[in-house]
Amino acid sequence: MTRPSTPVLTPDPTNRDSAFLKTMRGEAAPHTPVWFMRQAGRYMPEYRALRAGRSMLECIRTPELAAEITLQPIKAMPMDAAILFNDILTPLPVMGLDLDFVGGVGPQISNRIETPFDVDRLGVPAAAEVMPYTAESIRLVRQELDPRGVPLIGFVGAPFTLASYAIEGKGSRNYERTKRFMYGEPAAWHRLMDKFETILADYLAEQVKAGAQAVQIFDSWVGALSIYDYVTFVKPATGRLIERTKKLGVPVIYFGTSTHHLLPQMSSLGSDVMGIDWRTPLNDAWKLIQPGQGVQGNLDPLLLQGPWRELKHQTDRILAEVDGRPGHIFNVGHGLLPETPVDMVRRLVDYVHEQTAK
Ligand SMILES: Cc1c2[nH]c(c1CCC(=O)O)Cc1[nH]c(c(CCC(=O)O)c1C)Cc1[nH]c(c(CCC(=O)O)c1C)Cc1[nH]c(c(C)c1CCC(=O)O)C2
């Protein structure tokens, strides 16, 4: 498959000296930056009000709505970064997979991949043509974020995690269909990884061109693989994706869950920062990753459901494990849950800022 060359972009100086972007570059910052995966979402009453009567995909595809949802947590709390409101599954429909977000159930694909032929029928259209709303949302959000000094994170899902939805047709616990396909149809599997690499690299380039100042690659479910399977079936295409993304000139975070055993392999792909779930202490994670790489994480999101005493204690524990090293972005180890009280999120942001102010 032909791979279009990566565009060369002029570096964007806006908010370069923010705590978040400094930390992403491994530089010392005035305080530990804080943002949360799923910081825009159902735990916020503003989000629930805006989503009422509107589908997830409608909100993603309407730049004014996507921009407004992105800004909701930023207006409510002093987060150090915004993440664009979108979903990792947005590229699936433009490739020909019929995706629906079913309330209370999660994502569902009615024509999931079952055979090699299904891989070959997937399209790889130009992101700018089929998802123009993403660049437009980014431009709108930047107008509001720039004066606030808050940088914007763009994102995609990683090839494995997207393939798991494309093949399972929904979320999964053990990824049985995915693994069966990977082992049974290795050539088609690698063609699928290549197709994802191509569209995701292009989609990230569009996001950065439009104004994303950092990017995160979500490989949420890759921890289900053995080290051997990761290296054999997933690492090549993911490595090319990260390599191409780094050429865009913005820092890259690579995130997964249950990845303790995979961290040496995942980190060797060279992202600037590794996302660490809540299972691995950050001082252990640092020993498993490349020298000079930063870490992002790693509070268990359930702790935000109280009591404050335990949340504070475990925040202190994480900060003690970091021990003032530069290159730590405070975050949850997986997305915030809908039951999270907004006041706990706000209190936590303030607390991390207070504790780490230089
Ligand atoms: C696996 C995955 C998905 N989406 C995403 C991942 C990777 C991160 C992770 O592991 O959680 C990533 C994602 N999804 C969403 C964002 C927006 C930015 C952010 O605030 O982090 C991001 C970065 C919005 C969303 N994506 C979704 C919601 C909830 C939609 C709603 O009901 O309002 C939001 C705010 C829907 C979604 N999208 C997905 C699922 C499984 C679901 C349903 C489950 C759920 O509701 O939590 C797929």
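Order of listing sets the numbers, starting from 1, for every ligand and every atom in it.
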Lys/Arg-Asp/Glu bridge criterion (N-O < 4.0 Å) met for [X], [Y]:
X: E144; Y: R142; value: no
X: R42; Y: E339; value: no
X: D350; Y: R347; value: no
X: E243; Y: R240; value: no
X: E27; Y: R25; value: yes
X: R51; Y: E58; value: no

Which ligand 1 atoms are under 4.0 Å away from a heavy-atom of [X]?
X: F218; value: 7 (C), 8 (C), 23 (C)
X: S220; value: 7 (C), 8 (C), 9 (C), 10 (O)
X: W221; value: 1 (C)
X: L84; value: 17 (C), 18 (C)

Determine, using heavy atoms of [X] and all atoms of ligand 1, whether some pair is separated by less than 4.0 Å.
X: L336; result: no
X: A40; result: yes
X: P107; result: yes
X: F255; result: no

To check your reading of the model: name the closest protein heavy atom to [atom], its residue, and the distance in Å.
atom: atom 22 (C) of ligand 1; value: F155 CZ, 3.6 Å
atom: atom 41 (C) of ligand 1; value: Y165 OH, 3.4 Å
atom: atom 2 (C) of ligand 1; value: I88 CD1, 3.4 Å
atom: atom 25 (C) of ligand 1; value: M56 CE, 3.2 Å
atom: atom 31 (C) of ligand 1; value: R51 NH1, 2.9 Å

Just to be sure I'm reading this right: ignoring hydrogens, which of [options] gets closest to [atom]? Compare them by their nearest heavy atoms.
atom: atom 46 (O) of ligand 1; options: K170, M44, Q108, R42; result: R42
atom: atom 4 (N) of ligand 1; options: V156, D87, L162; result: D87
atom: atom 24 (C) of ligand 1; options: L337, T70, N86; result: N86
atom: atom 19 (C) of ligand 1; options: Q216, R38, M37; result: R38

If only side-chain N and O atoms count, and only distance matters, is there a donor-acceptor pair under 3.5 Å linking [Y] with [X]?
X: D300; Y: H334; answer: no
X: Q72; Y: Q39; answer: no
X: Q314; Y: W278; answer: no

Can you find an N/O atom of [X] closer than 3.5 Å to an N/O atom of ligand 1?
X: Q39; answer: yes
X: H334; answer: yes
X: Y47; answer: yes

If the plane angle is over 60° it's perpendicular, under 30° parallel, otherwise tilted; pick one for F233 and W189.
-> perpendicular
State whether the number of non-hydrogen atoms from other residues, nucleotides or ligands found under 6.0 Å of R48 atom CZ is greater than 12. yes
NE2 (H313) and CZ (R309) are apart, to the nearest 0.5 Å, by 9.0 Å
